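See below for the structure under consideration.
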Amino acid sequence: MLDLGGTAKKSDALAPVVESVCHFKEASMSDQPVERYEESELYRIRHSCAHVMAQAVVEMFPEAKYTIGPPIENGFYYDFDLPRTLTPEDLQAIEKRMRQIIAGKHAFIKKVVSAEEARLIFKDQPYKLELIDGLEKGSLDEYGNPLESKPDISIYQHDKFTDLCRGPHVEHTGQLRPDAVKLMNVAGAYWRGDEHNKMLQRIYATAWKNKPDLERYLQQLEEAKKRDHRKLGKDLEIFFFDDEVGPGLPLWQPNGGIMIEELERLAKEVEDKAGYFRVRTPNLCKEDLFLHSGHLPYYAESMYPPMEMEGVKYYVKPMNCPMHHKIFGSRPRSYRELPVRLAEYGTCYRYEKSGELFGLMRVRSMQMNDAHIYTSEELFEQEFMGVVALYRQYFDLFGIEKFVMRLSLHGKEGLGKKYIDNERLWIKTEDMVRSAMKNGGVPFVEAANEAAFYGPKIDVQIWSAIGREFTLATNQVDFAQPARFNLSYVSKEGSEETPLCIHRAPLSTHERMIGFLIEHYAGSFPVWLAPEQVRIIPITDGHHEYALRLEKQLRQAGVRASADLGAERMNAKIRQAQLMKTPYMLVVGDQEVANEAVSLRCRDGSRQDGMPVGEFAARVQERIKSRSSQL
RNA sequence: GCCAACGUAGCUCAGCCGGCAGAGCAGCCGCUUCGUAAGCGGCGGGUCGCGAGUUCAAUUCUCGCCGUUGGCUCCA
């Protein structure tokens with residue numbers, strides 16, 4: 001069962017993205033000391049701004065209950081329990097008041113207090129009292145996570161505002177720039193991140209050292225919007241959603257269809273060479289299979305409800321693995337044939353909650369670059385790293401550099417609930433993965449409590465244009481399901497052994513992969529992936545015949561080319577092709593017709609006049625064949 | 001699912017306090033035959049997301065639903 005659900009969370013200050021991003025090419029990056037965000041000036045600025053904002057809010061709503069307000073990437077937030085919903089006008093008023101407070105040059109004064117003193121100070125602030133309890137009794141931090149040692153209880157005071165806080169802060173508000181802070185939006189957020197708790201109002205803000213930095217950041221946000229796959233997907237006619245079809249159910253237009261075909265072609269080529277067998281399994285099956293696998297009733301919430309025929313319930317599959325297990329188990333297996341690698345671009349359906357949908361990145365219907373590898377323990381490391389090598393091959397091909405490989409581990413508390421209750425096997429397989437990664441020299445970070453329920457995994461985390469984090473690809477070890485399905489092979493010694501299963505999806509799902517690639521390339525796809533590779537632009541209609549001949553010739557050479565026979569002027573046609581980010585434009589007029597040539601314009605604006613048709617065709621074919629990123 | 005904002009022509013958007021809707025681009029039809037990012041003119045196109053309610057009158061106000069977006073939760 002591959003989960004590409006990913007984490008749709010903006011990374012917070014406790015896990016700064018920048019520090020943990022790995023680049024394969026810089027595998028030994030440890031010699032570069034990175035300033036910890038928590039110790040940086042920006043952190044102090046943002047933390048201090050949060051206090052100033054809280055003061056402004058409390059002044060506006062004397063009955064406000066304030067909770068926590070940490071710095072995050074690019075800014076900070078603060079959560080409040082307020083008597084009414086905040087409006088955009090409120091934000092303006094708060095921002096205005098913040099500027100006044102900042103201008104007051106109030107000092108931030110730290111004081112260490114006893115729990116009793118703290119309780120007295122915050123006697124009207126129930127959330128603060130809860131935090132104080134946590135600090136005192138349970139040694140919990142503000143998120144409710146255990147701390148290693150019992151911390152001091154400290155308060156920070158500036159102007160007329162006091163907050164429970166461990167700091168650090170700037171010395172006084174004069175060190176903050178009133179024109180470098182901007183309140184961004186209001187969002188709901190559960191107290192302590194628990195959906196059973198009260199929903200608070202969170203104000204997000206961004207804060208910088210100075211105005212140019214703020215402006216640069218806002219500019220970046222604008223740029224990010226331009227490469228947002230939802231916008232480009234519409235503009236480039238790749239996919240769309242339709243109300244009548246349903247949320248999270250993308251419709252692929254011809255351009256998207258081409259990209260899907262290209263990705264599948266790539267996967268097949270690579271997997272054929274790597275010894276995978278392609279299988280095909282149905283999109284739905286009887287309830288029995290998912291009862292057997294253990295996904296029902298536990299996973300039912302994420303599955304479309306069953307349909308019943310002749311008294312039998314059928315489910316649309318949310319994952320392919322149980323069916324692949326059936327194929328592995330369809331006959332006795334020998335150790336000689338291991339590893340068995342079964343691959344399928346399987347179509348799955350998952351009922352993601354409505355609020356969790358996000359363009360192509362989080363959908364309800366998906367096609368996974370799925371495969372299940374059944375292997376012995378001896379062959380595990382080699383096989384697992386073979387999969388990691390596949391990732392690297394793909395990521396090199398796409399030039400994907402910003403990502404993190406994350407070893408997702410079990411959490412002790414979850415054993416028997418979230419995770420298969422066998423700590424020995426957990427630790428064993430986690431060690432197997434860890435040492436495989438280390439032996440392979442692949443950088444990775446570790447994260448507790450992120451594993452699949454049947455085993456640890458390596459997730460590849462990427463970020464969307466607007467900064468949301470997702471699991472793009474995943475490589476999971478499964479020490480539980482093969483036994484559930486009584487899968488076995490006969491060992492050299494003649495004994496029956498249970499194989500390990502590796503679930504992997506290096507090319508993610510078509511949906512998430514293409515969503516990601518749209519943003520990664522900002523729509524300017526490499527030639528092999530570009531829906532339209534060549535646009536032929538005749539200068540006058542006297543050149544239409546030649547343009548059509550070129551079109552035919554190129555298509556027969558396996559190039560996606562089309563001639564633009566519209567009545568617009570050449571300049572307009574070029575503009576249209578540029579907007580569609582078509583890699584090559586061939587302008588043809590009298591000179592080209594006379595010489596059996598083309599005037600090549602690439603989408604980067606470069607030009608090469610008088611190129612013989614044969615030369616151009618050979619160039620495109622070479623780019624396609626090698627999947628080059630060059631034009 | 002939860003909190004909030006938004007939903008006007010294919011697209012991007014305008015439409016102050018209620019008086020039966022407008023632009024640019026795209027499309028179609030002409031004219032133009034042009035050398036590397038928008039030639040000119042004309043025409044067509046909207047149950048103002050859907051359903052109720054208030055009102056003499058609702059795109060505009062209220063409620064419900066659907067969808068999208070920003071977050072939260074979830075991601076087994």
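No experiment lies behind these values; they were computed from the predicted model shown.
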Sugar-phosphate only, base, or nothing, as touched by A567(A) at under 4.0 Å among non-hydrogen atoms: base
Atom C1', compared across G46(B) and A5(B): separation rounded to whole Å: 24 Å
Sugar-phosphate, base or nothing in reach of Q591(A), heavy atoms under 4.0 Å: base
Atom-to-atom span, CE of M361(A) to P of U69(B) - whole angstrom: 13 Å
Closest nucleotide among G1(B), G70(B), A37(B) to the L579(A) side chain: A37(B)
Proximal nucleotide (of G70(B), A37(B), G71(B)) relative to the R230(A) side chain: G70(B)
Contact under 4.0 Å: R202(A) side-chain N or O vs G70(B) OP1/OP2: no
Residue matched to G27(B) through Watson-Crick or wobble contacts both under 3.5 angstrom: C43(B)
Contact under 4.0 Å: K573(A) side-chain N or O vs C34(B) OP1/OP2: no
Ring centroid separation F479(A) to W426(A) under 6.0 Å: yes
Check: Y66(A) ring centre within less than 6.0 Å of F80(A) ring centre: no
Enclosure of K313(A) NZ (heavy-atom neighbours >12, cutoff 6.0 Å): no
Sugar-phosphate only, base, or nothing, as touched by G359(A) at under 4.0 Å among non-hydrogen atoms: sugar-phosphate
Side-chain donor-acceptor contact under 3.5 Å, T474(A) with D459(A): yes
G19(B) to U62(B) separation - P atoms, rounded to the nearest Å: 15 Å
Sugar-phosphate only, base, or nothing, as touched by R569(A) at under 4.0 Å among non-hydrogen atoms: base
Out of C72(B), C74(B), G67(B), whichever nucleotide has its closest atom nearest the side chain of Y190(A): C72(B)
Short side-chain N/O contact from R350(A) to OP1 or OP2 of C75(B), under 4.0 Å: no
Check against salt bridge (Lys or Arg N to Asp or Glu O under 4.0 Å), R364(A) and E511(A): CA-CA 10 Å; R364(A) 286 180 175 159; E511(A) 290 71 19; over 6 Å; no
C1' gap between C3(B) and U60(B), integer Å: 26 Å
Nearest to side-chain heavy atoms of Y204(A), which nucleotide of G71(B), A38(B), G1(B): G71(B)
Sugar-phosphate, base or nothing in reach of D609(A), heavy atoms under 4.0 Å: base
Partner nucleotide of C16(B) by Watson-Crick or wobble geometry (both distances under 3.5 Å): none
Atom C1', compared across U73(B) and G15(B): separation rounded to whole Å: 38 Å
Stretch residues 532-550 of chain A: residues that reach within less than 4.0 Å of RNA chain B through a heavy atom: I539(A), T540(A), D541(A)
Whole-Å gap separating P (U12(B)) and CG (L232(A)): 13 Å
Sugar-phosphate only, base, or nothing, as touched by D194(A) at under 4.0 Å among non-hydrogen atoms: nothing
Whole-angstrom distance between A58(B) and C20(B), as gauged at atom P: 11 Å
R535(A) side-chain N/O to Y584(A) backbone N/O, donor-acceptor pair under 3.5 Å: no
Sugar-phosphate, base or nothing in reach of E237(A), heavy atoms under 4.0 Å: nothing
C1' gap between U59(B) and U8(B), integer Å: 7 Å
Sugar-phosphate only, base, or nothing, as touched by G605(A) at under 4.0 Å among non-hydrogen atoms: nothing
Opposite nucleotide pairing with U68(B), Watson-Crick or G-U, both atom distances under 3.5 Å: A5(B)
C1' gap between G49(B) and C6(B), integer Å: 12 Å
Touch class at under 4.0 angstrom, heavy-atom based, for T85(A) against every strand present: sugar-phosphate
Touch class at under 4.0 angstrom, heavy-atom based, for F358(A) against every strand present: sugar-phosphate
Donor-acceptor contact present, side-chain N197(A) to main-chain W191(A), <3.5 Å: yes
Carboxylate-amine/guanidinium contact E519(A) K226(A), below 4.0 Å: no
Integer angstrom distance from the C1' of C13(B) to that of C72(B): 31 Å
Among C75(B), G35(B), C72(B), the one nearest M570(A) by side-chain distance: G35(B)
Sugar-phosphate only, base, or nothing, as touched by A189(A) at under 4.0 Å among non-hydrogen atoms: sugar-phosphate
R619(A) (side chain) donor-acceptor with L631(A) (main chain) under 3.5 angstrom: yes
Who pairs with G53(B) - Watson-Crick or G-U, where each distance is under 3.5 Å: C61(B)
Over-ring placement of R202(A) relative to Y77(A), 6.0 Å and 45° cut-offs: yes
